Protein chains: 4
Amino acid sequence: MKTAQTAQTDAAQVRAGVRAGVKVRTKAKRMPREVRERQMLDAAVEIFARRGYAAASMDEIAELAGASKPLVYLYLNSKEDLFSACIRRESEALVTAVRSAVDPEASPDGRLWSGLLGFFAHTAAHPDAWAVLHCQARTHGEPFTSAVCAMRQEIIDVVTQLITATAREACAAEPAEPAEREISGLAHALVGAAESLAAWANTRGDAAPSEKETAATLMNLVWAGLGNLMNGRCWSATRP
Amino acid sequence: MKTAQTAQTDAAQVRAGVRAGVKVRTKAKRMPREVRERQMLDAAVEIFARRGYAAASMDEIAELAGASKPLVYLYLNSKEDLFSACIRRESEALVTAVRSAVDPEASPDGRLWSGLLGFFAHTAAHPDAWAVLHCQARTHGEPFTSAVCAMRQEIIDVVTQLITATAREACAAEPAEPAEREISGLAHALVGAAESLAAWANTRGDAAPSEKETAATLMNLVWAGLGNLMNGRCWSATRP
Amino acid sequence: MKTAQTAQTDAAQVRAGVRAGVKVRTKAKRMPREVRERQMLDAAVEIFARRGYAAASMDEIAELAGASKPLVYLYLNSKEDLFSACIRRESEALVTAVRSAVDPEASPDGRLWSGLLGFFAHTAAHPDAWAVLHCQARTHGEPFTSAVCAMRQEIIDVVTQLITATAREACAAEPAEPAEREISGLAHALVGAAESLAAWANTRGDAAPSEKETAATLMNLVWAGLGNLMNGRCWSATRP
Amino acid sequence: MKTAQTAQTDAAQVRAGVRAGVKVRTKAKRMPREVRERQMLDAAVEIFARRGYAAASMDEIAELAGASKPLVYLYLNSKEDLFSACIRRESEALVTAVRSAVDPEASPDGRLWSGLLGFFAHTAAHPDAWAVLHCQARTHGEPFTSAVCAMRQEIIDVVTQLITATAREACAAEPAEPAEREISGLAHALVGAAESLAAWANTRGDAAPSEKETAATLMNLVWAGLGNLMNGRCWSATRP
DNA sequence: TATGAATGAGACTTCATTCAT
DNA sequence: AATGAATGAAGTCTCATTCAT
């Protein structure tokens, strides 16, 4: 990643130079394909996030990547393929981030907490990537939707495990373990809430809450409910 | 809404006729501006939802509205203005629906419950409208962001009020009212959780939970947490 | 046809003006679709003939038609469709020309002669059309090849009838009528020879033979052979 | 030709290997220029025939030749030059084939017969080459027309000689030798008839006539006419 | 001898938008 | 109130061609 960052910086300098009209001789020509491709994906994620899939132009992406349009097509085939490649790369990065954030030594709620923290940290650190995954990829046709769904399912699986573990420990005495279906619903709700929160946090450029604050908000919202559920206590519409 | 529905139906008939090659004399020329405009907005919402703002074409919208393109421009000025008009109309409809769904006689959590039910009912009944408000409107640049933000905020406000009221009543004694920012976050989390749940419920064709069951799952998950929050009891990362 | 010719002339004047840099106000705007479409087809045939299908550019066609490119696409959809439309129009014109050139009152060879004359006259009068049908349309993929084949088959049918009639009359006494297969082969050979001759005549811009000369060449080549065949006299490879 | 065939086969193997994903070490680097060039021409002829000049891509040609694009340019300069080289090579091959097919001991019509057989055999054996010479080469602008005309002329010349010889001997007494122009026309007509016949024969999968039968049909059709022409006997439009 | 990296130019196509009736 | 005719601008994508190694 370091290399990519560096390269990106170079490209940015180059661009700035070009924009200013200075004929930069530093145009960083002839770099290995791997590096160029990374730059292109970086640029694409940024532009897709800023403009949306349809409004993003390959011209702009190429310029931001510091390469010519034909090169982008040579390496990435088409706008659709480029978008897919972005989704693939960013999905994997996100899933990896969440997985490796969970502290397996911690208590049940500690594990949930650390997972959430990882999720919010990653989305906060890569807001463009998150915008692409959350807002763009789901809106546009099949090749993309399914790619995102797969990633989402992976995350839901992780969360499901966390919740189940929590439940099992919370009431080890009398395991009023809820039906699998209910747990699945809870996981979906939790992930949806987290996604929405992450998007919300990202759009508050001025006073964005830290990832800890965001994670805490979510824990506060759901932790008690999860605990109750595991003990068989439910809210009922007719209760009051 | 009834009127809109009727108009929409008319338009559909017209379209069907046109597609079938039947030279419909019913192409309903010379209808009052008010009606035509409604048809146009109906069509626009549908197309914007289906294709996204950038990919939606004025041609398709005009055809779906059963009018000629110059007429669309005469009445609605530009694609941007058309989009704004869609957002305005649908935002108001949603806010109205939620407001009138809340039973003012009910207990605090009963009010939240009824408000959520109203929200889910409306968004489920008008998925295109919700798609435009939720997915499209927030993605696109300045002209819209501003046009939308006010309205989106209003929607969040309704939910926020429900939450706040719940809180205030729950601990009338010492109202440890959380910061507005936190409440806004909670509202977003709630909406995200609800959406995710709804989508999940829809994919379980065999044993899809009823709308009420889904809402109950959500209440179970968050109600206790909301109560705690209002009483100043928080989950803490360092607890265990 | 007269109208088309006139329109074409107008367009040519306009073009000349444009090319010369004179801002022609006569740009003949806003003419009925039918007329514009004809102009476009005229232009397309000319350009396709001059450059070949692949090398022809829609820009050039549009300019020659005196219209903007979007209009060409509005009326004719795509390069492929435009090409198909050219083929359809020119095929029909050619078949009609040949059919109506045959003098039904004439003697057998007179009928063949008049048909050939009609063919060569038409191809000489519309060299671009013939170039498109003969050279371009057959070289490029399916949609076109079959369209041309159908036309060719029609012409072959006409020729087959002519030959058959010739045969029947030539040896009414002892009808050594050749097998249907042989007649079919002869018709194909005759049509192929005519096509090749027409193309050859068209490319000799300087000293192109008249259609009568061309037709006579072909008659001279095949008439005696046809007569012999009808009387059962064959050339044999082993004869000498 | 044998060598070319071999080279072509090699290239095909290489390609197959590459396509199958097998990292062929046989990719035969560092082969003598002569061989490489032959492979390139083979590939070019194939692609030009399949796609047409304009639609053929240097990329595809290079890949099919098993070489890199810069190498193609190094050896053959440009697309135009490559095309010219193809034409040159294939023209010479065809002329040679026809020349050496003529049996100089045979009678006049026997020589025509053997020449035609040779021509048909070669064009049938090298359909791509013939397609390039016949369909592509004559359609495209100046650089080629000139490069081709000489060679095409040479081919026509061979046929012309056969016809002329036939004529001269047939009526050695009073050689009413027709104008050169007429002979050229006859040659074109012959070739056209032959092509059409060949195509027709190929489509009759069930009962396709043999190559000799086809040639005989053609001889039957034209031999008598040729004889007459050489003796000054013409068909006349006003005869009947 | 051979090639991976790179691009300027230009192709087809679509779109938001306007004019004249 | 309504529309058929028309277009400038911009988008995606491909291609022949060249550097630098």
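Per chain, numbering begins at 1; letters A, B, ... match sequence-line order. Keep in mind the model is a prediction, meaning the values are calculated, not measured.
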Rounded distance in Å - CZ (D:Arg51) to C1' (F:dA16):
17 Å

Stepwise side-chain contact (heavy atoms from CB on, under 4.5 Å) test for A:Gln39 and A:Leu64:
CA-CA 9 Å; A:Gln39 289 179 347; A:Leu64 182 55; over 6 Å; no

Could you give the CG-to-P distance, from C:Leu71 to E:dT13, as a whole number of Å?
15 Å

When all nucleic acid strands are considered with a 4.0 Å heavy-atom cut-off, which category describes B:Arg33: base, sugar-phosphate, or nothing?
nothing

Between D:Phe83 (CZ) and F:dA16 (P), how many Å, whole number?
13 Å

Given atom OH of A:Tyr75 and atom P of F:dT14, what is their separation to the nearest angstrom?
16 Å

Which dot-bracket notation, 5' to 3', represents the base pairing of DNA chain E when pairs are defined as Watson-Crick or G-U with both distances under 3.5 Å, crossing pairs as [ ], and inter-strand pairs as |?
.||||||||||||||||||||

For B:Ala44, the side chain to side chain contact (heavy atoms under 4.5 Å, CB included) test, sequence neighbours excluded, returns B:Phe48, B:Ile61, B:Leu82, B:Cys86

What is the per-nucleotide protein-contact pattern of nucleotides 14-21 of chain E, from the 5' end, where B denotes a base atom under 4.0 Å from a protein heavy atom, S denotes such proximity for sugar-phosphate atoms only, and - denotes neither?
BBSBBBS-

If the condition is ring-ring contact (aromatic ring centres under 6.0 Å, His included), which residues does A:Phe144 pass it with, not counting sequence neighbours?
A:Tyr53, A:Phe83

For C:Lys69, what residues pass the salt bridge (Lys or Arg N to Asp or Glu O under 4.0 Å) criterion, not counting sequence neighbours?
C:Asp59

Return the value, rounded to whole Å, for the distance between atom CE of C:Met31 and atom P of F:dT7.
11 Å

Whole Å only: how far is the CG atom of B:Leu76 from the C1' atom of F:dA2?
15 Å

If you define the side chain from C-beta out and look only at heavy atoms, does anything of A:Arg36 sit under 4.5 Å from A:Leu74?
no

Residues that D:Glu34 engages under side chain to side chain donor-acceptor pair (under 3.5 Å), provided they are two or more places apart
none

Got a sec, which residues hit salt bridge (Lys or Arg N to Asp or Glu O under 4.0 Å) with D:Arg33, two or more places apart in sequence or on another chain?
D:Glu37

What residues, two or more places apart in sequence or in another chain, satisfy side chain to side chain contact (heavy atoms under 4.5 Å, CB included) together with D:Glu60?
D:Ile47, D:Arg50, D:Arg51, D:Ser57

Applying side chain to side chain contact (heavy atoms under 4.5 Å, CB included), can you list everything that pairs with A:Asp81, at least two apart in sequence or on another chain?
A:Asn77, A:Ser78

Whole-Å distance separating the CD atom of D:Glu60 from the C1' atom of F:dA16:
15 Å

Mind calculating the distance between CG (D:Leu74) and P (F:dA16) to the nearest angstrom?
18 Å

